[in-house]
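Following: one structure in structure tokens, then a few remarks.
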Amino acid sequence: MTSRRFTLTLLAVVAGALLLAPVASAGLLSPEHGGSPNADGINTLYWFVFAVAIVVFVGVEGVLLYTVFKFKARKGAIPAQIRGNTRLEVGWTLGAALILVVLACVTFIKLDGIRNPPDSSANGLQLADTSRRLPPNGKSLNICVNGQQYIWRYTYQESCTDKSGKNLGAPFSYEEMVVPTDTTVTLDIVAQDVAHSWWIPELGGKFDAIPGYTNHTWFKIPGKLAGHTFYGQCAELCGRNHANMTARVKAVTPEQYTQWLNQQKANIKAAEQAGAKQRQQLEGSTANSQPAGSTNP
């Protein structure tokens with residue numbers, strides 16, 4: 001086999017391996033997606049940058065290999081000097097700059113759809129809120145995400161910074177968040193003790209949960225994924241049981257979500273009434289057990 005044929009064969013093998021690599025590793029090396037438009041946007045941007053990188057890599061390595069074999073040192077040969085070749089230097093400078101400009105433009109275009117939530121679909125819940133980055137129509141379902149060593153608490157309320165106490169009876173859940181499909185869900189992310197990181201890969205990027213600071217993100221699960229559960233993990237080393245700090249997001253239909261939320265409210269009300277009854281019984285029992293004429297210390 002001649003050296004030229006060997007070079008072409010080698011280049012073809014390398015190019016084929018690089019082209020097949022994304023297919024073989026789909027879903028393994030790329031960001032998880034499919035659960036929300038922002039996660040899909042991140043995945044699309046990833047593959048665009050990856051494709052450009054592949055083209056650049058193949059081009060540069062191809063020229064390098066061609067040069068190595070074409071102009072390999074021979075006895076008595078004097079290598080050609082390309083230093084000072086203005087056309088060549090201007091060409092690769094403008095080429096590199098053009099690639100960076102294209103990557104920057106596409107990134108900024110895709111960031112708008114990744115950062116800003118869209119409206120809920122017509123069959124989703126239409127909820128209004130004005131305290132955070134919102135869809136164009138200003139309506140979203142807000143959930144407060146509170147990172148605690150070593151569990152996530154989700155409170156289903158509009159304001160996560162209310163100090164008045166009137167939202168103490170708001171529905172809540174631990175570990176598993178329940179959300180309606182086709183509805184834009186905004187999250188207020190905080191931490192109660194140390195730094196954590198909220199991350200459900202299929203629903204978008206990760207966001208830090210920092211004590212004293214509120215972070216925001218969003219997702220919107222399509223209706224066809226009703227009944228699906230998404231899994232995640234605290235992405236910030238937060239202590240000895242960090243590995244056990246898992247998270248789940250369960251998608252249900254808007255009707256099922258409304259039923260679940262009403263049931264949570266009923267359970268909380270029943271628990272409060274039971275607690276009040278027990279407190280009255282305990283106070284009555286304590287009063288009856290004290291001798292006549294004695295007073296509490």
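None of the values given here were measured: they were computed from a predicted structure.
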Any side-chain to backbone donor/acceptor pair from Tyr213 onto Val190? Under 3.5 Å, distance only. no
Problem - Flag for Gln256-Thr253: side-chain donor and acceptor within less than 3.5 Å - result: yes
Between Gln233 and Ala243 the two heavy atoms that sit nearest each other are NE2-O, 3.0 Å
(message) Ring-plane angle category for Trp47 and Phe50, please: parallel below 30°, perpendicular beyond 60°, tilted otherwise.
(response) perpendicular
Q) Do we see a donor-acceptor contact under 3.5 Å between the side chains of Asn142 and Thr186? A) yes
Backbone of Val249 reached by a side-chain donor or acceptor of Glu176 within 3.5 Å: no
Nearest heavy-atom approach of Trp152 to Thr246 is CD1-O, 3.4 Å
Kindly say whether Cys238 contributes a backbone atom to a donor-acceptor pair with the side chain of Gln149 at under 3.5 angstrom? yes
Tightest non-hydrogen contact, residues Pro117 and Pro136, listed as O-CD, 3.6 Å
Query raised in the report: Quick check: does any side chain N or O of Ser36 sit under 3.5 Å from a backbone N or O of Ala39, one acting as donor and the other as acceptor?
Result: no
Of all heavy-atom pairs linking Thr229 and Lys250, the shortest is OG1-CG, 3.9 Å
Problem set entry | Expected output: side-chain Asn241 to main-chain Tyr150 donor-acceptor under 3.5 Å | no
Query raised in the report: Is the NZ or CZ atom of Arg248 both under 6.0 Å from the centre of the six-membered ring of Phe230 and within 45° of that ring's axis?
Result: no
Are the side chain of Asp182 and the backbone N or O of Ser121 linked by a donor-acceptor pair below 3.5 Å? no
Closer than 3.5 angstrom, by distance alone: can the side chain of Asp208 be matched with the main-chain N or O of Ile210 as a donor-acceptor pair? no
Next item on the list: Could you tell me whether a side-chain N or O of Thr67 sits under 3.5 Å from a main-chain N or O of Leu65, the two making a donor and an acceptor?
Entry: no
Sorted by chain and number, sequence neighbours left out, side chain to side chain contact (heavy atoms under 4.5 Å, CB included) with Val60 holds for Val56
(Q) Looking only at the side chains, is there a donor atom on one of Thr184 and Ser140 sitting less than 3.5 Å from an acceptor on the other? (A) no
Residues pairing under ring-ring contact (aromatic ring centres under 6.0 Å, His included) where one sits in residues 241-265, two or more places apart or in two chains, turn out to be Tyr156-Trp260
**Study point:** Aromatic ring proximity Phe207/Trp218, centre distance under 6.0 Å
**Key:** no
Exercise for review: State yes or no: do Tyr46 and Ile114 share one hydrophobic cluster built from I, L, V, M, F, W and Y residues joined by side-chain heavy-atom distances below 4.5 Å, directly or via other members?
Suggested key: no
